[in-house]
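Reading through the C-alpha cells given below for one structure.
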Amino acid sequence: MLLNKTALLCSSLFCLLSISLISSPCSGDILYTHEIDSEEYMSGTYQALLDTGYSGEAMYVDKNIRYTGTWMKRFFGKVREQRDTTHFLLDKNQIREIDWNKAEVVVFPIKDLQNIRWFKDKQQFNESADDIIKARYQVMPPDIKITILPEKEEIKGYKCTHLTAHLRLETKDVKKNSSSITNIKQQLWVSDAVPGFGEYDSFHKKLSEKLGVEAERMGVLNFLLRYWDGPIDTIVHQIKDIKGFPVKSIVSVEAIYISNTNSDSGKTISKNIKNETMVLKDAQIMSRLDMSRFEENIPMRIVTVE
C-alpha cells in the first residue's frame with residue numbers, strides 16, 4: 001500500500017509543479033483552475049478539474065476526475081469518479097495526501113521524499129539487476145529537441161509564447177535484436193500576464209530547494225523532463241528565455257517496438273500511451289483561499305510515513 005501511495009504522490013508532484021521564471025507584484029492568495037481532457041491506454045478517456053491554491057507557505061492541489069471511457073464504465077458499471085488532494089506545507093516540512101476512499105491523511109516529510117521505502121526498493125532492484133541489464137540491453141543516449149516559435153499566440157485571452165519539445169528514448173535488446181522507443185512530445189503555451197506570479201514563483205523556488213531538485217525539472221516542461229536522466233545544463237540553456245505560466249499544454253506519449261532490427265523481415269508496432277490537453281480556466285487573486293476546496297470535511301485517520 002505504501003508503494004501505491006508513494007507512486008501516486010510522485011506522479012502528482014511532478015505533474016502539478018510548474019515554476020514561473022519571473023516575478024511580479026501580487027497580494028493575497030491565489031487560485032488557479034485547469035480543465036483536463038485525457039486519454040490513456042490503460043484507463044481510457046477521462047476529464048478532470050484541477051484546482052491549485054497558494055496561501056503563504058502552502059500549496060493545495062485538488063484534482064477531480066471522471067473516467068468516461070467505455071472499458072471503465074463496463075468495469076465499474078457507471079462513470080467512475082476519483083478525487084486526489086495533496087497539501088504541500090513548507091512551514092511544517094510536510095506533504096499531506098488525502099485518501100478520500102479510506103478517510104485517511106498520509107503525511108510525508110518533504111526532506112525525506114527521495115529516501116522513503118519505494119525509492120530505496122527501486123534503487124536496490126536496479127543495482128542487483130545492473131549486470132544482467134548491461135549484458136543484454138543497450139540504452140541509447142536520449143535525444144531532446146526544444147523549439148520556441150517566433151510568433152505570439154492568444155490563448156484564453158493571454159498572449160502566449162508557444163514552444164514544442166520532443167524527447168526520444170530508445171533501448172535495444174541485443175539478445176532479441178529488437179528496439180523499444182518512447183516518443184514524448186509536448187506543446188506548451190505560456191504567458192507572463194497571468195495573475196499571481198509573486199507568490200507562485202516564491203513558493204516553487206522554496207519547494208525546489210527543500211526537495212533538492214533543479215527548478216527546471218519542475219518547470220514548464222516538467223512532464224517531459226521527468227523522463228530525462230541526462231545533464232540539465234543543456235535543457236537550461238534551451239529554455240532560459242521561456243517566461244510565464246502554463247496556459248495550455250498538449251502532451252502525447254507513443255511507444256514503438258521494432259523486432260528483428262538487423263533483418264528486412266522486422267516489424268514495427270506502435271501504441272499511443274497517452275494524449276492529454278490541459279487548459280487554464282481561471283486565475284484568481286483573493287484575500288483568503290477557500291479551504292473547503294482542499295480540506296477534509298469528514299473525520300480522518302492520520303497516517304505518518306517515517
Side-chain angles (χ1 to χ4, degrees), residues 11-24 26 29-38 47-54 59-65 84 86 88 144-167 184-208 211 213-228 232 235-236 238-253 274-285:
S11 174
S12 173
L13 176 61
F14 286 102
C15 281
L16 300 172
L17 297 184
S18 296
I19 296 180
S20 163
L21 301 181
I22 71 171
S23 295
S24 64
C26 173
D29 296 346
I30 313 165
L31 177 65
Y32 297 112
T33 301
H34 285 85
E35 293 178 317
I36 300 172
D37 285 288
S38 185
Q47 286 77 47
L49 196 66
L50 175 67
D51 286 328
T52 308
Y54 296 85
M59 176 176 73
Y60 305 95
V61 179
D62 186 73
K63 186 176 183 180
N64 285 275
I65 308 169
D84 298 328
T86 307
F88 299 84
I144 189 168
K145 181 180 180 181
I146 300 172
T147 302
I148 303 175
L149 282 70
E151 299 295 328
K152 296 277 188 177
E153 299 181 27
E154 185 168 315
I155 305 290
K156 305 296 287 187
Y158 299 104
K159 287 187 177 181
C160 298
T161 298
H162 182 191
L163 62 139
T164 64
H166 178 198
L167 174 62
I184 306 167
K185 299 179 181 179
Q186 183 174 14
Q187 290 192 72
L188 187 65
W189 291 262
V190 300
S191 173
D192 58 8
V194 178
F197 274 117
E199 283 78 356
Y200 178 75
D201 183 51
S202 175
F203 179 89
H204 283 282
K205 283 181 178 178
K206 292 177 182 178
L207 179 59
S208 176
L211 293 177
V213 176
E214 302 100 329
E216 290 74 22
R217 291 193 185 274
M218 300 192 300
V220 292
L221 294 174
N222 65 83
F223 180 87
L224 182 140
L225 290 181
R226 84 180 71 164
Y227 298 96
W228 173 261
I232 199 68
I235 311 300
V236 172
Q238 295 185 66
I239 66 175
K240 63 182 178 64
D241 294 326
I242 300 174
K243 296 178 174 65
F245 183 89
V247 176
K248 182 177 180 180
S249 172
I250 300 176
V251 170
S252 67
V253 180
K274 183 183 184 70
N275 290 286
E276 180 175 283
T277 299
M278 183 170 71
V279 180
L280 179 65
K281 180 181 179 182
D282 196 18
Q284 302 179 53
I285 299 176

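This is a predicted model, so every value here is computed, not measured. Just the heavy atoms: all of them, side chains too, but no hydrogens, waters or symmetry mates, feed the values below.
- Taking CG from Asp51 and NZ from Lys63, the interatomic distance works out to 12.0 Å, rounded to the nearest 0.5 Å.
- Taken to the nearest 0.5 Å, the OG1 atom of Thr33 stands 5.5 Å off from the CG atom of Asp282.
- With rounding to the nearest 0.5 angstrom, the CD atom of Glu276 is 9.5 Å from the CD atom of Gln186.
- The CG atom of Leu50 sits 7.0 Å away from atom NE2 of His34, with the distance rounded to the nearest 0.5 Å.
- Atoms CE and OG1, from Met59 and Thr52 in turn, are 7.0 Å apart once rounded to the nearest 0.5 Å.
- Between the side chains of Ser252 and Asn275, no donor-acceptor pair of N or O atoms lies under 3.5 Å.
- Under the side-chain contact (heavy atoms from CB on, under 4.5 Å) criterion, Lys206 pairs with Glu57, Leu90, Ser202, sequence neighbours left out.
- The two residues Val190 and Pro246 have their closest heavy-atom pair at CG1-CA, 4.0 Å.
- The ring of Tyr32 has its center closer than 6.0 angstrom to the ring center of Phe245.
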Would you list the atom pairs, donor with acceptor, under 3.5 Å between side chains in residues 144-159 and any protein atom, with sequence neighbours excluded?
from   : atom 1 : to     : atom 2 : distance (Å)
Lys152 : NZ     : Thr161 : OG1    : 2.9
Glu153 : OE1    : Trp189 : NE1    : 3.0
Glu153 : OE2    : His162 : ND1    : 2.9

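- Minimum heavy-atom separation, Pro195 to Ile285: CB-CD1, 3.8 Å.
- With sequence neighbours left out, the side-chain contact (heavy atoms from CB on, under 4.5 Å) criterion links Asp37 to Gln47.
- Residue Gln284 holds its CD atom at 11.5 Å from CG of Asp29, rounded to the nearest 0.5 Å.
- Proximity of Leu49 to Glu35: side-chain heavy atoms (C-beta onward) are separated by under 4.5 Å at one or more points.
- Looking at every heavy atom in both residues, Phe203 comes nearest to Phe88 through CZ-O, 3.7 Å.
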Task: side chain to side chain contact (heavy atoms under 4.5 Å, CB included) between Asp84 and Thr86, intermediate numbers included - done: CA-CA 7 Å; Asp84 298 328; Thr86 307; 5.7 Å; no
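- Between Ala48 and Ile65, the closest heavy-atom pair is CB-CG1, 4.0 Å.
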